[in-house]
Amino acid sequence: MSFLSTTLSRVKPSPTVAVSTLAQELKAAGQDVIGLGAGEPDFDTPQNIKDAAVAAIAAGKTKYTAPDGMPELKQAICDKFARENGLSYTPKQISVGTGGKQILYNALMATLNPGDEVVIPAPYWVSYPDMVLLAGGTPVAVETTLENRFKLTPEQLDAAITPKTKWFIFNSPSNPTGAGYTRDELKALTDVLMRHPHVWVMTDDMYEHLTYDGFEFCTPAQVEPALYDRTLTCNGVSKAYAMTGWRIGYAGGPEHLIAAMRKIQSQSTSNPCSISQWAAVEALNGPQDFLAPNNAIFKRRRDMVLSALNAIEGVTCPTPEGAFYVYPSIAGLIGKTTPGGTRIDNDETFAKALLEEKGVAVVFGAAFGLSPNFRVSYATADDTLQEACNRIAAFCAALT
């Protein structure tokens, strides 16, 4: 009998972390590798946020806080929701975790029973299905299409819901596609959810502030206020504020759900880092003027990558509304062979051969539940991106 829990058999390691780790190992071994796998801005954390953390240390604010966040941060989050999303929460309705991932995990652990289903549009962030499985639930992936720009249709959502459905996970703008839902598109989905009052909504709004071309972000409880009492609106400071390593995520939701999530967190990690919490207070309450110039840089990079990839025969990539990813299809390359002798049978063999033969690390589409595609993160320097695109183009051009 194995010493390890059988729970481990339900999940697999994160493919995105695996790709980034492999790229780092190859670089350390002296190989010329460009990593496009990490979902992490290359910008530094804004100086005022770093200064707030230093000030907190100097003031001795290094003790335990409440298990799911200190009052000052919870109030800043309430203010943010009211100011930016038109959502009214009290501090008792707010949970702060060690990154957005813990918030989602706590909610699933607090609510799922064996047999409960969670509807997840595919492609999806790699951790959603595995967290559902860890919590004892059943992930129900619903494949979107390139033709619909990787957006779930109301008909697909309605067909996926059963009496066993407990949650619908909604991510816009999306990781890995960057697809963002307009207010009308989201209203069509919330209309479906209104017909199924037993289904709760878990939003992942982490890329809220990373949008382009005049796209206006909105979140489900904002579009359909009648969903407020069964929606957990999740967000964090990682992406827009370039604070991935600070590990602060948060959510607003019904008080009884937040209390259940608090119970789980109190017996697992307890409070997030106190210094990171003070930094997050400054991030939410402080100047937001860096967001627009950062987005302009991301948009320039997006457009450069799109132009380069769509010029490759056999590759098709729609224009995303937000985040810092593109998700090109390689349907036109399947069945071809690389100069190194690898037959491209699927997107995983494509990504592996691209890394081995051209030194470019991307994440294969099967990791996100939809093939044949791969994800490129353009949150890196322009010249690095251009070189990576040149290598991808050369790799594809050499296929026979």
Roughly how far, to the nearest 0.5 Å, is [atom2] of [Y] from [atom1] of [X]?
X	Y	atom1	atom2	value
L189	D184	CG	CG	11.5 Å
I169	L232	CD1	CG	10.5 Å
D204	N235	CG	CG	8.0 Å
D44	I49	CG	CD1	10.0 Å
C317	I312	SG	CD1	10.0 Å
H256	D229	NE2	CG	8.0 Å

- Query: Is K263 atom NZ crowded by more than 12 heavy atoms from other residues, nucleotides or ligands, each under 6.0 Å away?
  - Reply: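 Atom NZ in K263 is not packed in, count stays at 12 or less.
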
- Query: If you count the non-hydrogen atoms of other residues, nucleotides and ligands that lie under 6.0 Å from NZ in K352, is the total more than 12?
  - Reply: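 Check fails, neighbour count at 12 or below.
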
So if you build clusters from Ile, Leu, Val, Met, Phe, Trp, Tyr with side-chain heavy-atom gaps below 4.5 Å, do [X] and [Y] land together?
X	Y	result
L227	L87	no
V142	W125	no
L355	V315	no
M206	L104	no
I334	L309	yes

Could you pull out the closest heavy-atom pair between [X] and [Y], with the gap in Å?
X	Y	result
V119	P121	O-CD, 4.1 Å
M243	A280	CE-N, 4.2 Å
W167	L257	CH2-CD2, 3.9 Å
L385	Y378	CD1-O, 3.6 Å
L333	C396	CD1-SG, 3.7 Å
A381	D42	N-OD2, 3.7 Å

- Decide side-chain hydrogen bond (donor to acceptor under 3.5 Å, both in side chains) for D303 and Y212; before the verdict, give the C-alpha distance in whole Å, the side-chain angles of both, and the deciding distance to 0.1 Å. CA-CA 11 Å; D303 293 346; Y212 318 111; over 6 Å; no

- Message: For I248 and V96: C-alpha separation, side-chain torsions, deciding distance, then whether side-chain contact (heavy atoms from CB on, under 4.5 Å) applies.
- Response: CA-CA 7 Å; I248 295 292; V96 182; 4.1 Å; yes

Are any of the side-chain heavy atoms of [X] and [Y] separated by less than 4.5 Å?
X	Y	value
L186	S172	no
N373	F150	yes
Q47	F290	no
T338	T349	no
P173	L210	no

- Item | Worked verdict on Y241 versus Q288 for side-chain hydrogen bond (donor to acceptor under 3.5 Å, both in side chains) | CA-CA 9 Å; Y241 298 95; Q288 309 290 303; 2.6 Å; yes

- Item | L108 and M202: CA distance, side-chain angles, deciding distance, side-chain contact (heavy atoms from CB on, under 4.5 Å) verdict | CA-CA 9 Å; L108 294 169; M202 182 182 296; 3.7 Å; yes

- Task: Any chance you could lay out the salt bridge (Lys or Arg N to Asp or Glu O under 4.0 Å) test for K187 and D191, step after step, and finish with the verdict?
- Result: CA-CA 6 Å; K187 182 62 166 63; D191 285 349; 2.6 Å; yes

- Task: Kindly indicate, with the supporting measurements, whether the criterion side-chain hydrogen bond (donor to acceptor under 3.5 Å, both in side chains) is fulfilled by N295 and H209.
- Result: CA-CA 8 Å; N295 276 12; H209 292 298; over 6 Å; no

Distance-only check: which donor-acceptor pairs under 3.5 Å involve side-chain atoms of residues 69-81, not counting sequence neighbours?
{"from": "K74", "atom 1": "NZ", "to": "D68", "atom 2": "OD1", "distance (Å)": "3.0"}
{"from": "K74", "atom 1": "NZ", "to": "D68", "atom 2": "OD2", "distance (Å)": "3.3"}
{"from": "K74", "atom 1": "NZ", "to": "I94", "atom 2": "O", "distance (Å)": "3.2"}
{"from": "Q75", "atom 1": "NE2", "to": "D79", "atom 2": "OD1", "distance (Å)": "3.0"}
{"from": "K80", "atom 1": "NZ", "to": "E84", "atom 2": "OE1", "distance (Å)": "3.2"}
{"from": "K80", "atom 1": "NZ", "to": "N85", "atom 2": "OD1", "distance (Å)": "2.6"}
{"from": "K80", "atom 1": "NZ", "to": "E208", "atom 2": "OE1", "distance (Å)": "2.8"}
{"from": "K80", "atom 1": "NZ", "to": "E208", "atom 2": "OE2", "distance (Å)": "3.2"}

Side chain of [X], backbone of [Y]: donor and acceptor closer than 3.5 Å?
X	Y	value
R375	V326	no
T337	R343	no
K151	G180	yes
R183	V223	no

- Decide yes or no on side-chain contact (heavy atoms from CB on, under 4.5 Å) for E255 and I258, but give the supporting numbers first. CA-CA 5 Å; E255 197 171 322; I258 297 297; 5.7 Å; no

- Message: Looking only at the side chains, is there a donor atom on one of T269 and Q102 sitting less than 3.5 Å from an acceptor on the other?
- Response: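 Present: a donor and an acceptor within the cut-off.
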
- Task: Sequence neighbours left out, what passes side chain to side chain contact (heavy atoms under 4.5 Å, CB included) with E117? Give chain and number order.
- Result: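 Partners of E117 under the side chain to side chain contact (heavy atoms under 4.5 Å, CB included) test: T138, V140, T162, K164, T165.
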
- Task: Using a strict cut-off of less than 4.0 Å between a Lys/Arg side-chain nitrogen and an Asp/Glu carboxylate oxygen, indicate whether E185 and R149 qualify as a salt bridge.
- Result: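 Answer for the salt bridge query: no.
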
- Could you work out the complete set of other residues in the hydrophobic cluster of I275, with links drawn between I, L, V, M, F, W and Y side chains under 4.5 Å apart?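 I57, all in the cluster of I275.
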
- Query: Which word best sums up how the rings of F170 and F168 line up, parallel for under 30°, tilted for 30 to 60°, or perpendicular for over 60°?
  - Reply: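 The rings of F170 and F168 sit tilted, inter-plane angle from 30° to 60°.
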
- Query: According to the interplanar angle, ranging from 0 to 90°, do the rings of F298 and F43 count as parallel (below 30°), tilted (30 to 60°) or perpendicular (above 60°)?
  - Reply: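 Correct class here is tilted.
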
- Hey, which of Y327, F364, F350 is the one that makes ring-ring contact (aromatic ring centres under 6.0 Å, His included) with F374?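 When Y327, F364, F350 are each tested with F374, the ring-ring contact (aromatic ring centres under 6.0 Å, His included) holds only for F350.
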
- Check against salt bridge (Lys or Arg N to Asp or Glu O under 4.0 Å), D130 and R10: CA-CA 7 Å; D130 289 289; R10 302 181 199 158; over 6 Å; no

- Message: Using ring centroids (six-membered ring only for Trp), state whether Y325 and Y207 fall under 6.0 Å.
- Response: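 Ring centroids of Y207 and Y325 are less than 6.0 Å from each other.
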
- Go through the steps to decide whether D382 and R300 satisfy the test side-chain contact (heavy atoms from CB on, under 4.5 Å), and finish with yes or no. CA-CA 9 Å; D382 291 43; R300 184 182 70 236; 2.8 Å; yes

- All side-chain hydrogen bond (donor to acceptor under 3.5 Å, both in side chains) counterparts of Q277, not counting sequence neighbours: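 Once residues adjacent in sequence are excluded, the partners of Q277 under the side-chain hydrogen bond (donor to acceptor under 3.5 Å, both in side chains) criterion are T65.
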
- Message: Once side-chain hydrogen bond (donor to acceptor under 3.5 Å, both in side chains) is applied, do any residues pair with S268, and if so which ones, sequence neighbours excluded?
- Response: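 S268: no side-chain hydrogen bond (donor to acceptor under 3.5 Å, both in side chains) contacts found.
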
Contacts table for residues 24-41: side-chain donor-acceptor under 3.5 angstrom, sequence neighbours left out:
{"from": "D32", "atom 1": "OD1", "to": "R391", "atom 2": "NH2", "distance (Å)": "3.2"}
{"from": "D32", "atom 1": "OD2", "to": "R391", "atom 2": "NH2", "distance (Å)": "2.6"}
{"from": "E40", "atom 1": "OE2", "to": "T244", "atom 2": "OG1", "distance (Å)": "2.5"}

